[in-house]
Amino acid sequence: MILLDGKKLNGEIADGLKKKIEESGIRPTLAIIQVGNVEESNAYIRHKKSYGERIGANVVHIVLASDIPETELINKINELNNDSGVNGIIVQLPISKHLDKNKVIESVSPMKDVDGLHSINAGKVFSDDLTGVTPATPKGVISLLKHYGIKIEGKRALVIGKSMLVGKPVAMLLLREGATVTIAHSKTENLKDVVKESDIVVVAVGKAGLITKEMVREGQVIVDVGTNSVEGEKTLEEIPTRKLVGDVAFDEVKDIVYAISPVPGGAGPMTVASLFENLVEVSLKK
Ligand code: NAP
């Protein structure tokens, strides 16, 4: 089995980006807006800060109150949109329920939207317009497959999950690479059969253990984008712990398929690497 090691590739991409930044003489700046203090977000932001440091980019972390009025948040984003010293802006998701997520995403300038979530950038993925910022998680999935020499052209690719954040753009990028693409979702009948007949399976659902050994076969390539916090082993003091797993029952599937990405260490670090690739790209465009 080939392990699609996103953590390793994340490091290799960092080395390349560091060199690119040194050669350009431009130090890109990423602004991360965090609304409230969600522990899960703190961990993701720590990763982004340390990646920025590693490649020589500035990361400015702006923490706003969880009950911030929407207009105030949008004003802050506008301030950053107009700040020529800021190259990229991300709003760390999830944000508080009282805020309209789409409205907030749409208020980030598409030129600084390094997550690639703005409808203009999303739209460009669907129209094969390469001038947009490619959504970070989907871009990371494709980079991971390509890095490990997985042939996409002509293959039957299945994307499970149809969100605008992951499923749909991943499907469009696979299509661009020449795959024959199927998108499965919660209403899909006989998911097992649909999975079995696919060569490449990208799973982005958010349900631990969705893909089991009965659903896969030899020769398949699986990228697990799902992240689920489940109960881990108890400590010696019988204290319950949590651990991160994907949507695929990795331990039982890994010895059957040709290649698989782990969780953690697969799509997650690739998202971070792709985000910074986008940051460097938009910074050098200026
Ligand atoms: P989402 O918006 O909740 O979408 C989940 C999708 O899964 C929906 O399209 C849903 O179908 C489908 N689904 C639900 N139950 C299903 C089932 N039993 N069989 C088949 N499809 C099913 O989630 P998301 O934002 O796309 O994220 C998906 C997962 O990826 C989450 O675990 C998230 O944490 C993770 N994620 C990871 C990264 C990373 O960097 N690693 C980045 C983004 C997201 P319907 O549309 O029919 O409801």
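Side chains are part of it too, since the values below use all heavy atoms of this structure and drop only hydrogens, waters and symmetry mates. As the structure is a prediction and not an experimental result, all values here were calculated from the model. Ligands are counted one by one from 1 in listed order, and the atoms in each one are counted from 1 as well. We number each residue from 1, following the sequence as shown.
- The environment of CD in E22 is crowded: more than 12 heavy-atom neighbours from other residues, nucleotides or ligands sit within 6.0 Å.
- Here T137 has side-chain heavy atoms under 4.0 Å from ligand 1, and that is the only part of it that gets that close.
- In the vicinity of I160, heavy-atom distances shorter than 4.0 Å reach the ligand 1 atoms 20 (C), 21 (N).
- For atom 21 (N) of ligand 1, the closest non-hydrogen atom of the protein is H185 C, 3.1 Å.
- Of the options S163, A204, G167, P135, the smallest heavy-atom separation from atom 28 (C) of ligand 1 is shown by A204.
- Of all atoms in ligand 1, listed by their number and element, those nearer than 4.0 Å to a heavy atom of L210 are 18 (N).
- For L173 against K139, the heavy-atom pair with the smallest separation is CD1-N, 3.9 Å.
- Looking at atom 39 (C) of ligand 1, its nearest protein heavy atom turns out to be T271 OG1, 3.7 Å.
- For atom 31 (C) of ligand 1, the closest non-hydrogen atom of the protein is G206 CA, 3.8 Å.
- Using a 3.5 Å distance cut-off with no hydrogens or angles, the side chains of Q34 and H61 do pair a donor with an acceptor.
- Taking only non-hydrogen atoms, the option from K162, M270, K187 nearest to atom 8 (C) of ligand 1 is K162.
- Side-chain contact of S127 with D129: a donor-acceptor pair under 3.5 Å is absent, judged by distance alone.
- For atom 48 (O) of ligand 1, the candidate residues are S186, A184, P264, S229; the nearest heavy-atom contact is made by S186.
- Here the heavy atom of the protein found nearest to atom 35 (C) of ligand 1 is V225 O, 3.4 Å.
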(message) Could you walk me through whether T131 and K124 satisfy the side-chain hydrogen bond (donor to acceptor under 3.5 Å, both in side chains) test, starting with their C-alpha distance in whole Å, then the side-chain angles of each, then the deciding distance to 0.1 Å, before giving a yes or no?
(response) CA-CA 7 Å; T131 63; K124 287 185 176 185; 3.0 Å; yes
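- In this model, no donor atom of one side chain and acceptor atom of the other lie less than 3.5 Å apart for N75 and E72.
- Side-chain contact check for T212 and E252: no donor-acceptor pair (N or O, by modelled atom type) lies under 3.5 Å.
- For atom 33 (C) of ligand 1, the closest non-hydrogen atom on the protein side is T227 OG1, 3.7 Å.
- The N/O atoms of K207, backbone and side chain alike, include one that comes under 3.5 Å of an N/O atom in ligand 1.
- Contact between L144 and S261 at its shortest, heavy atoms only, is CD2-CB, 4.0 Å.
- With hydrogens and angles left out, the side-chain atoms of N81 and S109 include no donor and acceptor closer than 3.5 Å.
- Listed by number with element, the atoms of ligand 1 under 4.0 angstrom from any heavy atom of G161 are 6 (C), 7 (O), 9 (O).
- Closest heavy-atom approach to atom 23 (O) of ligand 1 among the candidates L165, V205, V166: V205.
- Side chain to side chain, K48 and Q92 meet the donor-acceptor criterion of an N or O pair below 3.5 Å.
- Atom numbering of ligand 1 starts at 1 in the shown order; those under 4.0 Å from a heavy atom of G268 are 40 (O), 41 (N).
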